Amino acid sequence: MRSKIVAGNWKMNKNLEETEALLAELSAKLPDTNAEVMVAPTYVNLNNAVRHLESSKIEVIAQNMHFAESGAYTGEISADMLLNIGIDTVIIGHSERRAYFGETDEILAKKVSAALKKGMRVMFCFGEELEDRKSGNHFKVVESQLKNALFSLEASEWSKIILAYEPVWAIGTGETASPEQAQEMHAFIRKTIMEAYDTSVATNISILYGGSVKPGNAEEIFSKPDVDGGLIGGASLIADDFIAIIKAI
Ligand code: 13P
């Protein structure tokens with residue numbers, strides 16, 4: 001049975017005081033839910049966030065990590081460093097990492113494999129750009145992103161993967177994929193995984209949608225059968241909006 005998940009990707013937002021204030025408000029207002037709730041603050045505040053949420057149901061996750069164990073990689077963070085402060089889930093492959101930091105499918109495959117080797121869970125992000133959708137190539141692009149970074153994994157390793165389909169044209173633009181477009185792509189993703197692996201892997205994988213999810217559209221998107229939750233950017237920075245989105249699941 002796959003999990004329902006609502007995760008907030010805070011990106012490069014919120015200083016220490018703002019992080020603590022938002023976490024305190026989220027903890028106080030968190031509704032009773034069977035969904036997993038996660039937040040990904042910026043690196044410098046991760047340790048503090050973990051301590052802050054020690055007795056909360058909200059899980060702190062990381063926005064990125066490096067594939068190497070340790071060494072001369074200035075500015076980077078390893079899986080062991082995250083595990084050491086109590087973080088065992090990491091976002092890998094966000095479109096902003098791909099677009100602004102040159103992360104290729106090959107690099108992402110190395111990151112996924114490094115995280116899994118350490119027993120971490122990976123929230124793997126992918127999704128097509130506007131031109132891909134306009135030219136009708138969106139299914140092909142998504143399939144190749146999945147194949148290049150994930151399809152050399154063993155079937156058993158998929159229990160540690162969460163997928164987040166984030167069409168680039170819907171991120172931070174206020175333009176959401178329609179619930180039908182999200183469902184169509186999520187069903188395609190599940191079918192592609194079923195063909196590469198088997199029904200059990202495909203049925204058990206949680207596939208989140210991300211891209212301008214707001215309190216006003218979350219319920220309709222989450223009601224689709226192959227949408228198992230959301231990866232939320234802007235709206236996760238406002239406690240009442242994020243709580244409303246959690247309630248929608
Ligand atoms: P927005 O919700 O701000 O569109 O961002 C989505 C996203 O990139 C989450 O990772």
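When a ligand or atom number is given, it counts from 1 through the structure's own listing order. In this chain, numbering begins with 1 at the start of the sequence shown. What you are looking at is a predicted structure, and each value in this text was computed from that prediction instead of being measured.
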| message | Cation-pi check for Phe67 against Lys111: NZ or CZ below 6.0 Å from the six-membered ring centre and within 45 degrees of the axis, yes or no? | response | no
| task | May I ask you to list the atoms of ligand 1 that are less than 4.0 angstrom from any heavy atom of Leu231? | result | 9 (C), 10 (O)
| task | Inspect the contact between Asp105 and Arg98 and indicate whether a charged nitrogen and a carboxylate oxygen are less than 4.0 angstrom apart. | result | yes
| said: Within the structure, is a non-hydrogen atom of Ala235 found at a distance of less than 4.0 Å from ligand 1? | reply: no
| field | Atoms in ligand 1 flagged as close to Gly172, the criterion being non-hydrogen separation under 4.0 Å | value | 1 (P), 3 (O), 4 (O)
| Does atom NZ of Lys224 have more than 12 heavy-atom neighbours, drawn from other residues, nucleotides or ligands, at distances under 6.0 Å? | yes
| Nearest-contact summary for atom 9 (C) of ligand 1 - protein heavy atom, Å | Glu166 OE2, 2.9 Å
| request: Between Asn9 and ligand 1, find which residue part has any heavy-atom pair under 4.0 Å and reply side chain, backbone, both or neither. | output: side chain
| request: Give a yes/no on ligand 1: does Ala170 have at least one heavy atom closer than 4.0 angstrom to it? | output: yes
| message | Tell me if the CD atom of Glu54 is crowded by more than 12 foreign heavy atoms within 6.0 Å. | response | yes
| task | Please determine if Lys214 has a nitrogen or oxygen closer than 3.5 Å to a nitrogen or oxygen of ligand 1. | result | no
| said: Under a 4.0 angstrom heavy-atom cut-off, which atoms of ligand 1 come close to Ser212? | reply: 1 (P), 2 (O), 4 (O)
| Lys/Arg-Asp/Glu bridge criterion (N-O < 4.0 Å) met for Lys57, Asp32 | no
| query | Taking non-hydrogen atoms only, is Ser95 closer than 4.0 angstrom to ligand 1 via side chain, backbone, both or neither? | reply | neither
| request: Report the nearest protein non-hydrogen atom to atom 3 (O) of ligand 1: residue, atom name, distance rounded to 0.1 Å. | output: Gly234 N, 2.8 Å
| said: Is it the case that the ring center of Phe151 lies less than 6.0 angstrom away from the ring center of Tyr197? | reply: yes
| said: Check contact between Gly210 and ligand 1, using heavy atoms of the residue and a distance below 4.0 angstrom. | reply: no
| field | Residues that Ser236 engages under side-chain hydrogen bond (donor to acceptor under 3.5 Å, both in side chains), provided they are two or more places apart | value | none
| query | Would one find an N or O of Gly233, backbone or side chain, under 3.5 Å from an N or O of ligand 1? | reply | yes
| query | Under the salt bridge (charged side-chain N to carboxylate O under 4.0 Å, His left out) criterion, do Lys140 and Asp132 qualify, and how do the steps go? | reply | CA-CA 9 Å; Lys140 221 192 283 171; Asp132 303 321; over 6 Å; no
